[in-house]
Q: 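What follows is a single structure, and I will ask about it in a moment.
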Amino acid sequence: MNIIPLPAAIEYHAGFFKSVGVPHIAGEERFAPEMRSFREQFAGEPVDTQTQIFCSTDASCAEREEYRLQIEPERITVSASCSDGLYHGLQTVRQLLLDGTALPCALIKDRPRFSWRGFMLDTARHFYTVPFIKKLLDSLSLHHINVFHWHLTDDQGWRLPVKAYPLLTEIGSRRLECRPVWGRYTGGFYSEEDIRSVLAFAASRHIEVVPEVDLPGHASAILASYPGLGCTGGPYRVEDRTGVFEDVLCAGTDAVFDLAAAVFDTITELFPSKYVHIGGDEVRFNRWEACPKCRQRLVATGLKSARELQSWMTVKLVEMLAQRGRTAIGWDEVLEDTEQFRLPHELIVMSWRGSEGGEQAARRGHKVIMAPSTKGSYLDYRHTEDPEEPGQLGITRVSQTYALDPCENMTTEAAAAVIGGQANLWSELIYAGKIAEYMIFPRICALAEAVWTERKDFTSFAERLPLHQSRLEKLHLVQYRGAL
Ligand code: ACM
Ligand code: ZN
């Protein structure tokens, strides 16, 4: 059946389920939203009222995301104890119906290895439209990806409206376009209505949306909007260059935390997720070292080096989120220079520079999400060495993404802290959704299987992939088709 990600168990039976068109879907009222999403996914296709998919409760599915799928000649039954599992079961059915052929009778029992199966889209370096994001979420959910990490701010753009700080979007959402269309501005931001509509759509696809606001580095868009929040006072600009910049939010300026409070209030009001990503990556310390306000902060906190101010800020931001009932996530740099200001244990660490950060965080009692750039998680890297391939910095082959094991080399104790893995698409070079699709597919299919199944087998994946890619083609997705 070439299902991706590979289900936990498939038992084939004699016979086939045949329909001419999409079977009629029915079932228990509690699963009405999932049935509605399924109908939406096949909107415009002829429905075969003679055949049926039935959605029912199966209390023997112990886990929230577990499902059971029975294919019999007369009907298909999807059952689960929770709506998450039921939705995943329907996505497996969707894969099979996209093939457009008879389905072999079978019993599938399925559930995930990890609870966090994420994808990050950088909507700051380039802006992506709401319809594109929805299309992407819909196709991610076909693979049981259940977290959308929405990178909303960076040096090159601020995309989140914050009522108390209107310049963040008035100034911070626009930058010079540095591609050869000289002199034009590019950008955009998501209105509250846009965000609510993405959130409602994501919920209908059983995807949790985790917003990221990158602090205190990657802050040029903030500084261009509110220059008083930097160490030097500027001048600053929303960056049109790529790279890592020296200007970061001033650790000695209390107003920085007023802004953070307003941003967190906005996020708490808009986003239902209990997680908020606070960034923390690639902070440069030169400005802090030279800044009188930052030096004063060093004295006041009893710290010795400017680098340690990041840990002081991280602790403050984590606490501010905790006061709002949210759990902070940070990139693995947040672990550094923390001898004086111990990080709260609730902070979740996202390991990106390799897996060492994640291993260390697990040893230190943090939950961990693995997104190592060195192990297949970075989808902004080129697919192969071929100079015709788009991408930057490195190479991520489909096979490398498939090989990602979030718990590799970990003790049983450390592995227990790993809640999952994810793939990231940074968008410095990816200026259109169609190019993004090419970078994402089929590497995200490999990632999805790596974090879902306990029965990883690359040869089997490579055999299942061509048929699966023809499904993705029916969803009008641009895909890489070369060597894996
Ligand atoms: C990162 O790639 N800077 C998290
Ligand atoms: Zn400063």
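Order of listing sets the numbers, starting from 1, for every ligand and every atom in it.
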Q: Find out whether the Lys NZ or Arg CZ of Lys456 is both under 6.0 angstrom from the six-membered ring centre of Phe461 and within 45° of the ring's axis.
A: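 The answer is no, since Lys456 fails at least one limit relative to Phe461.
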
Q: Taking NZ, NE, NH1 and NH2 as the nitrogens, is one of them in Lys304 or Glu308 under 4.0 Å from a carboxylate oxygen of the other?
A: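 No, no charged N to carboxylate O under 4.0 Å.
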
Q: Would Arg297 and Asp254 pass as an ion pair if we require N to O under 4.0 Å?
A: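 Here Arg297 pairs with Asp254 in a salt bridge, since their nearest N and O are under 4.0 Å apart.
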
Q: Would you sort out whether Glu385 and Arg397 count as a salt bridge (charged side-chain N to carboxylate O under 4.0 Å, His left out), showing the intermediate values?
A: CA-CA 9 Å; Glu385 295 79 358; Arg397 287 187 168 268; 3.0 Å; yes

Q: With sequence neighbours excluded, what pairs up with Phe245 under the ring-ring contact (aromatic ring centres under 6.0 Å, His included) test?
A: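 Once residues adjacent in sequence are excluded, Phe245 has no partner under the ring-ring contact (aromatic ring centres under 6.0 Å, His included) criterion.
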
Q: Establish, yes or no, whether a centroid distance under 6.0 Å links the rings of His206 and His88.
A: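 Not close enough - the centres of the two rings lie 6.0 Å or further apart.
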
Q: Name all residues meeting the ring-ring contact (aromatic ring centres under 6.0 Å, His included) criterion together with Tyr226; count only those two or more places apart in sequence or in a different chain, and write none if there are none.
A: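 Once residues adjacent in sequence are excluded, the partners of Tyr226 under the ring-ring contact (aromatic ring centres under 6.0 Å, His included) criterion are Tyr165.
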
Q: Hey, does the Lys NZ or Arg CZ of Arg174 hover above the aromatic six-ring of Tyr185, less than 6.0 Å from the centre and inside 45° of the axis?
A: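 Here Arg174 passes the 6.0 Å and 45° test against Tyr185.
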
Q: Do any protein N, O or S atoms sit under 2.8 Å from the Zn ion (ligand 2), and which ones are they?
A: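 Per the 2.8 Å query on the Zn ion (ligand 2), atoms found are Cys231 SG, Cys250 SG, Cys291 SG, Cys294 SG.
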
Q: Near ligand 1, which protein residues have a heavy atom under 4.0 Å away?
A: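 Within the 4.0 Å shell of ligand 1, which is judged on heavy atoms, sit Asp281, Glu282, Trp331, Trp352, Tyr378, Trp426.
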
Q: Inspect the contact between Glu239 and Arg125 and indicate whether a charged nitrogen and a carboxylate oxygen are less than 4.0 angstrom apart.
A: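 Answer for the salt bridge query: no.
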
